[in-house]
Structure formats: structure tokens, C-alpha cells
Amino acid sequence: MAGFAGRLARCWYSGFLRSPLQVPALGLHVGGPAMQTSQKDFNNAVSQLKLLKEDPGNEVKLKLYALYKQATEGPCNVPKPGMLDFINKTKWDAWNALGSLSKEAARQNYVDLVSKLSASSESPSPEAPAADKKQPESDSLVVTSGDGITTIRLNRPTKKNALTTQMYHDIIAALQAASKDESPITVLTGSGDYFCSGNDLTNFTSLPAGGPEEMARSSAVLLRDFVNCFIDFPKPLVAVVNGPAVGISVTILGLFDVVYATDRATFHTPFSHLGQSPEGCSSYTFPKIMGSSKAAEMLLFGKKLTAQEACAQGLVTEVFPDSTFQKEVWARLKAYSKLPPNAMRISKQIIRDREKEKLHAVNAEESNVLRERWLSDECMNAIASFLSRKSKL
Ligand SMILES: CCCCCC/C=C/C(=O)SCCNC(=O)CCNC(=O)[C@H](O)C(C)(C)COP(=O)(O)OP(=O)(O)OC[C@H]1O[C@@H](n2cnc3c(N)ncnc32)[C@H](O)[C@@H]1OP(=O)(O)O
């Protein structure tokens, strides 16, 4: 296998992909009038590919080859090479795998792929950790990019991915970097059996020099900044809810574009139990999404929803069986990430922009109310109770 891969790699510069790189642009067939990508864009992409500084790897080269053939000749129409003709058989397989994809769609995919490669030609491999971004301060958050998706993973499974103060800061930084990176889609997910158990209740135990008031003030500022990043995030933002979700990890879901959940997930906002009040703009988004009485049951009484219930109420987009959750969701997201990124951004903008001002105002108000709540006896007693392990929610 290693020998075969090496042979493929050597063929890159010695003509393996001669046709997509070197076929004269003028010889190409021009498609119908309703093309999204013009022939000129396609020809430019063919030229641009020659300027790449780095070898994009065999997998990408095969993809480019197949798309080029599909874009210029249509579905695979030549006999399958013999078993021992490894290289031509691999190329044929890649082309044939595109099935009946139209020439226009192939051309669009080709242009998108070349533009992504050009944009990242100064960056490391798209499969690598997102080293073009500032990496989080601790291992509790892991940011990776690959297949057109930047994934922000909560990685504190022994604490059910509870959010420490440092993690809020790291998530803000990760979202800011992801908003500018080349991945069309950004995902938030968790490691282990939980999506997230919400705010780490020990965040409130290390008092700053200014005492509880200072702690409440700085937490309210951090909360507001954190939620603002979700309100303002400019690209498709997807939650891959891999298990139960509690508190702020539930409320922010109303600010995501799509929420996929395993059937093991539950959704729980025990604010009253904790002497607290809603955040993440949920006092506005939840009544809009599920109606005011269903929202009240969650936000006032802490009713825990199953994934199916959350889906029926519009908080979750789709529920998947746990056994196939990861496979199905990532396959779907990879396919979505190949859609034209600018079109997705613009569509999101149209959907979300008129709400932004309202959401910022709601966020500011919720953060202010919580600042008071955190100083209340109800809240302090509830946190003390959790920490002394006398009661669990
Ligand atoms: C800048 C500040 C912004 C604040 C925004 C306001 C946010 C509000 C909220 O998010 S409110 C919700 C807060 N979360 C909770 O109240 C959940 C508390 N946790 C639990 O109820 C349970 O731990 C559980 C139901 C999530 C899981 O129960 P179980 O399966 O029995 O596991 P354990 O309880 O043994 O948990 C394992 C381990 O994790 C620790 N842990 C879990 N969640 C939290 C948490 N939120 N904060 C701190 N620690 C948490 C738990 O203590 C265990 O630790 P241990 O093994 O005992 O050291």
C-alpha cells in the first residue's frame, strides 16, 4: 500500500493529473445558460491550480481529476481499466464515483475546491489541528479543521464538559478565528458521554480581591461577550449534540443554525433550582421557537426534554440513533461543506441580521439580571449544595 501511495505521489508532477492541469482551456465544452460558475471561472481555476505552492495530496488530486473529467466530459464513459493498471483504475474509480453529477455542479465543485486550496496554500494540511488559529490555552478545548469544517470540541469529559472560565475565553477566541477561516461550516460538539453540563459551578468559588460583587460583575461581562460571539457568528454554525446538555449549553442552541442530536441527548435548564435566570438569549429565542408555555416549562420549572421532545419543539433539527450518530452527522456535514460558502454566509445573514439588534439587547439584559441573581441567597445556597454533593439536579 505504501509503495502504491508513493507511486501515486510521484505521478503528480510526472503527468498523473496531466489532463486537469494541462488541457487547453479553450478546448473545453461550454455548458447550458443557467450555470452558477461561468466557464471563465472554471478556466481560471484550472490555471490557478498550476500555481499551487504545495502538493495537495493524492486524495485531493484524485477529487480534482474526477471533477475535471465530469465537468468537461460528463459522467464516466470509458471502460474500466484492468485490475493491475493501478493508477488508471484509481482515476477511473474516482471519476465513476461522481455518478450522474451534472457538468455544472462538477464545475462549481472544482472551482470551490481550487479556491479553498489556494486560500490555504500558506496554511498546513486541512486535516491538521487548526494551527493557523491561536490554539486554546488548555486541553479542555480542541479546535481542528478538515473537510471544510472547523470543529470546536469541549474536551473535559471527566467533568461532563462543564465550562470553566478559561473555556469561555477559549471558545470566544475559537469562534473569532473560525469566523475568518476558510472552512465554510463551524461545529460545536463535546468529547465523551456529555455534550456539556453547563457552567462549571466551581467558577464561583474562587473569589477575586473585589469579593462576590466583583466576581458577579466580571462573570456578567464574560457571559455577555461569550453570547455575543454566537449572535454575531457569520457562517453556518452547527451543534453536534453528542449527549446530555445542561444550562448554558442548551440556551445557546437557539442561536445555532442547525442542531443535530443523538437520541441519548437530553436538554435541561435548571435555572430556578440554582436560583438563577435564563441566559444565552433563551428568554427571547425559546418562546419564539417553541411557544411561551413550553419555554416556561423549561426555563421556569427546569423540565428536562428528551431529544425527540426537543426536536418536536423545534430546538433540535434532527435526532439520530446513537449507534450511527457520528457517522451520519459528519457525512452530512461534509457534504454540506461543499456548498458554495458565500451563498451560505449571505443566506445566513438574510435570515439572522434583522434579529441581531434585538438579540444583543436581550443578551445585555439577561447578563445584568444574572449579575444580581449570582449574589442572591437562593443562588449561593444552590451552588453550595451542589458542591457539598448533598443534592444533584
Ligand atoms: C461566565 C459565567 C457564565 C455563567 C452562565 C450561566 C450558566 C448557567 C448554567 O449553565 S446553569 C447549569 C449548571 N450546571 C449544572 O447545574 C449541572 C451540575 N451537574 C450535575 O447536575 C451532574 O454532575 C450531572 C447531571 C451533569 C451529571 O451527573 P452524573 O452523571 O451523576 O455525573 P457526576 O455528577 O458524578 O459528574 C462527574 C464529575 O463532573 C463534575 N461536574 C459535572 N457537572 C459540573 C458542573 N456543571 N460544574 C462543576 N462540576 C461538574 C461533577 O462534580 C463530577 O466531579 P467529581 O468526579 O465529583 O470530581
Side-chain angles (χ1 to χ4, degrees), residues 140-141 154-173 175 188 190-208 212-231 239 241-255 264-283 286 298-306 362-376 378-393:
S140 300
L141 197 73
L154 309 174
N155 189 39
R156 230 183 141 216
T158 55
K159 299 286 181 185
K160 311 292 181 193
N161 296 324
L163 298 172
T164 61
T165 302
Q166 184 61 53
M167 286 166 79
Y168 287 104
H169 287 290
D170 285 343
I171 294 168
I172 290 173
L175 285 172
L188 181 71
S191 296
D193 62 342
Y194 258 65
F195 176 58
C196 173
S197 62
N199 188 44
D200 189 314
L201 296 172
T202 66
N203 286 343
F204 294 123
T205 55
S206 43
L207 283 183
E213 286 76 15
E214 174 54 20
M215 189 270 307
R217 193 202 60 78
S218 62
S219 299
V221 170
L222 181 56
L223 172 64
R224 193 199 56 206
D225 292 350
F226 176 76
V227 175
N228 275 344
C229 282
F230 289 90
I231 297 172
V241 183
N242 57 298
V246 186
I248 191 162
S249 71
V250 176
T251 57
I252 53 169
L253 295 178
L255 301 171
R264 237 179 9 85
T266 53
F267 298 83
H268 186 201
T269 50
F271 299 130
S272 298
H273 298 72
L274 291 166
Q276 299 188 29
S277 50
E279 22 63 356
C281 294
S282 57
S283 63
F286 278 27
M298 280 192 86
L299 298 174
L300 272 53
F301 301 144
K303 182 183 179 187
K304 190 189 283 185
L305 301 189
T306 62
V362 170
N363 182 27
E365 190 189 347
E366 288 177 347
S367 302
N368 276 337
V369 171
L370 262 173
R371 178 179 169 178
E372 299 295 322
R373 281 278 90 211
W374 285 326
L375 297 172
S376 69
E378 285 181 346
C379 179
M380 288 187 186
N381 291 339
I383 291 173
S385 166
F386 173 78
L387 296 175
S388 67
R389 314 296 293 176
K390 279 186 192 136
S391 78
K392 277 208 186 159
L393 299 164

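These values consider heavy atoms only, across backbone and side chains, with no hydrogens, waters or symmetry-generated copies. Atoms within a ligand are numbered from 1 in the order they appear, just like the ligands themselves.
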For ligand 1, does [X] get within less than 4.0 Å through its side chain, its backbone, both, or neither, judged by non-hydrogen atoms?
| X | answer |
| --- | --- |
| T158 | backbone |
| W374 | side chain |
| F226 | neither |
| L201 | both |
| S197 | both |

Drop me the distance from [X]'s [atom1] to [Y]'s [atom2], to the nearest 0.5 angstrom.
| X | Y | atom1 | atom2 | value |
| --- | --- | --- | --- | --- |
| R264 | D193 | CZ | CG | 6.0 Å |
| C281 | I231 | SG | CD1 | 4.0 Å |
| S219 | E214 | OG | CD | 9.0 Å |

Numbered atoms and elements of ligand 1 in range of [X], under 4.0 angstrom, heavy atoms:
| X | value |
| --- | --- |
| Y194 | 24 (C), 25 (C), 26 (C), 27 (C) |
| S219 | 1 (C) |
| D200 | 47 (N), 48 (C) |
| A162 | 44 (C), 45 (C), 46 (N), 47 (N) |
| E279 | 6 (C), 7 (C), 8 (C), 9 (C) |
| L274 | 11 (S), 12 (C), 13 (C), 16 (O) |
| G198 | 10 (O) |

So is I248 polar-close to ligand 1, meaning N/O to N/O under 3.5 Å? yes

Please compare I383, T251, L387, N199 and report which has the shortest non-hydrogen distance to atom 13 (C) of ligand 1.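 The nearest heavy atom belongs to N199.
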
Are any non-hydrogen side-chain atoms of [X] and [Y] less than 4.5 angstrom apart?
| X | Y | answer |
| --- | --- | --- |
| N155 | P157 | yes |
| F230 | I171 | yes |
| L154 | Y194 | no |

So, E279 side chain and L223 main chain: donor-acceptor pair closer than 3.5 Å or not? no

Please state whether the rings of W374 and F204 are parallel, tilted or perpendicular, taking 30° and 60° as the class boundaries.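 Aromatic pair W374/F204 classed tilted.
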
Does the side chain of T164 come under 3.5 Å of the side chain of D200 through a donor N or O and an acceptor N or O? no

